[in-house]
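For clarity, every value in this text was computed on a predicted model and none was experimentally measured.
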Amino acid sequence: VIGSNTDGGMHDIFVSDCAFTGTDVGLRFKSNMGRGGLVNDIYVSNITMRNIVREAVLFDTYYEDMPAGATRGKEKPTDKTPEFRDFHISHIDCQGAATAVAITGLPQMPVSNIAFDSVTIRARKGLVATECRGITLHDVRLDVGEGPAIRTDRTAEVKVDKE
């Protein structure tokens, strides 16, 4: 997990050679308005996952629940707005999750430049991205049980290539 407080910023983090079995989420990157900052140049590789309850990979800058009637995306970006960019995720094998990848950015600060390379995930749902920019899928296999393998909303610049 990276987050939820990221207001001091985080960068140049390397994670490798981890195994997750039966956890609620595999790789989790989270923050929200008022507790965020720049999180960039994150490198994750050689991860195996089995029987993940929810998401194999989760990016969420709406981490905290909003009060009833509150609106999202109206706030102007400040130095406490979470900015997640330049993540490099490679050599991931996940055998079983509810959702392969979920990415939720902010309208005023989309999650950006997320690269997946040599990834295989078997999940009920595929990649779901909202408020993102610059997702690269290289040699990614999403074996999903329902719906499309990739579903986007207010997301731009998704590049998919095989090898």
Side-chain angles (χ1 to χ4, degrees), residues 1-32 35-64 81-106 109-145 148-153 155-163:
V1 174
I2 292 180
S4 57
N5 279 5
T6 60
D7 56 345
M10 297 180 184
H11 59 89
D12 299 320
I13 296 174
F14 296 81
V15 177
S16 66
D17 303 315
C18 298
F20 300 89
T21 301
T23 59
D24 66 330
V25 176
L27 301 170
R28 183 185 331 221
F29 311 101
K30 61 184 181 175
S31 193
N32 71 334
R35 295 194 304 182
L38 176 60
V39 178
N40 68 312
D41 296 327
I42 309 299
Y43 302 86
V44 180
S45 66
N46 299 323
I47 307 295
T48 59
M49 295 181 242
R50 302 285 180 266
N51 304 318
I52 303 303
V53 176
R54 294 177 19 206
E55 300 88 356
V57 180
L58 172 68
F59 289 85
D60 190 356
T61 55
Y62 280 155
Y63 175 65
E64 192 171 273
T81 302
E83 181 179 3
F84 289 0
R85 64 179 163 94
D86 303 321
F87 282 67
H88 310 274
I89 299 172
S90 65
H91 302 284
I92 307 295
D93 178 59
C94 176
Q95 297 303 312
T99 302
V101 179
I103 305 172
T104 305
L106 295 165
M109 190 70 71
V111 173
S112 62
N113 301 332
I114 309 298
F116 294 90
D117 185 17
S118 302
V119 172
T120 300
I121 300 176
R122 184 175 49 83
R124 193 168 60 247
K125 296 181 182 176
L127 183 149
V128 180
T130 304
E131 301 291 356
C132 304
R133 184 180 64 245
I135 300 172
T136 302
L137 305 171
H138 175 76
D139 192 21
V140 171
R141 178 187 167 119
L142 300 177
D143 182 4
V144 300
I150 300 171
R151 188 176 72 220
T152 63
D153 183 28
T155 294
E157 303 168 20
V158 177
K159 179 181 177 186
V160 179
D161 60 28
K162 279 219 166 202
E163 289 184 77

Shortest non-hydrogen contact from [X] toward [Y]:
| X | Y | answer |
| --- | --- | --- |
| I92 | M49 | CG2-CE, 3.6 Å |
| L142 | I150 | CD1-CG1, 4.4 Å |
| A98 | V53 | CB-O, 3.3 Å |
| I47 | V15 | CD1-CG1, 4.4 Å |
| P148 | R151 | CG-CB, 4.2 Å |
| M10 | N5 | CE-O, 3.6 Å |

So F14 and Y43, would you call those rings parallel, tilted or perpendicular, with 30° and 60° as cut-offs?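 Parallel, since the angle between the ring planes stays under 30°.
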
Should R50 and D93 count as an ion pair when the cut-off is N to O under 4.0 Å?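 Counted as a salt bridge, because a side-chain N and a carboxylate O are separated by less than 4.0 Å.
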
[X] side, atom [atom1]; [Y] side, atom [atom2] - distance, nearest 0.5 Å:
| X | Y | atom1 | atom2 | result |
| --- | --- | --- | --- | --- |
| S16 | H91 | OG | NE2 | 11.5 Å |
| E83 | M109 | CD | CE | 4.5 Å |
| I52 | T21 | CD1 | OG1 | 7.0 Å |
| I13 | I42 | CD1 | CD1 | 4.0 Å |
| N46 | D17 | CG | CG | 5.0 Å |

Using the rule given for side-chain contact (heavy atoms from CB on, under 4.5 Å), can you reason through L127 versus L137, listing the C-alpha separation, both sets of side-chain angles and the distance that settles it, and then say yes or no? CA-CA 10 Å; L127 183 149; L137 305 171; 4.1 Å; yes

Does the side-chain contact (heavy atoms from CB on, under 4.5 Å) test come out yes or no for V1 and K30, once each step is laid out? CA-CA 8 Å; V1 174; K30 61 184 181 175; 3.6 Å; yes

Can you see whether Q95 engages R122 through a side-chain donor-acceptor pair at a distance of less than 3.5 angstrom?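 There is such a pair between these side chains.
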
Side chains of D161 and H138: any donor to acceptor distance under 3.5 Å?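 Present: a donor and an acceptor within the cut-off.
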
Does [X] reach the main-chain N or O of [Y] with its side chain, forming a donor-acceptor pair under 3.5 Å?
| X | Y | value |
| --- | --- | --- |
| T61 | T104 | yes |
| S31 | P82 | no |
| T23 | V25 | yes |

Derivation and outcome, side-chain contact (heavy atoms from CB on, under 4.5 Å), residues L38 and R85: CA-CA 8 Å; L38 176 60; R85 64 179 163 94; 3.4 Å; yes

Out of D60, T130, I135, T155, which residue meets the side chain to side chain contact (heavy atoms under 4.5 Å, CB included) rule with I103?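 Exactly one pass, corresponding to I135.
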
In a check of side chain to side chain contact (heavy atoms under 4.5 Å, CB included) between R28 and each of V57, I2, L58, which one passes?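 When V57, I2, L58 are each tested with R28, the side chain to side chain contact (heavy atoms under 4.5 Å, CB included) holds only for L58.
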
Sub-6.0 Å ring centroid separation between F29 and F84: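 No, ring centres 6.0 Å or more apart.
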
Verify side-chain contact (heavy atoms from CB on, under 4.5 Å) between I114 and C132, making sure each step is shown before the conclusion. CA-CA 9 Å; I114 309 298; C132 304; over 6 Å; no

Quick one: are L106 and E131 in side-chain contact, heavy atoms under 4.5 Å?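 L106 does not reach E131 side chain to side chain.
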
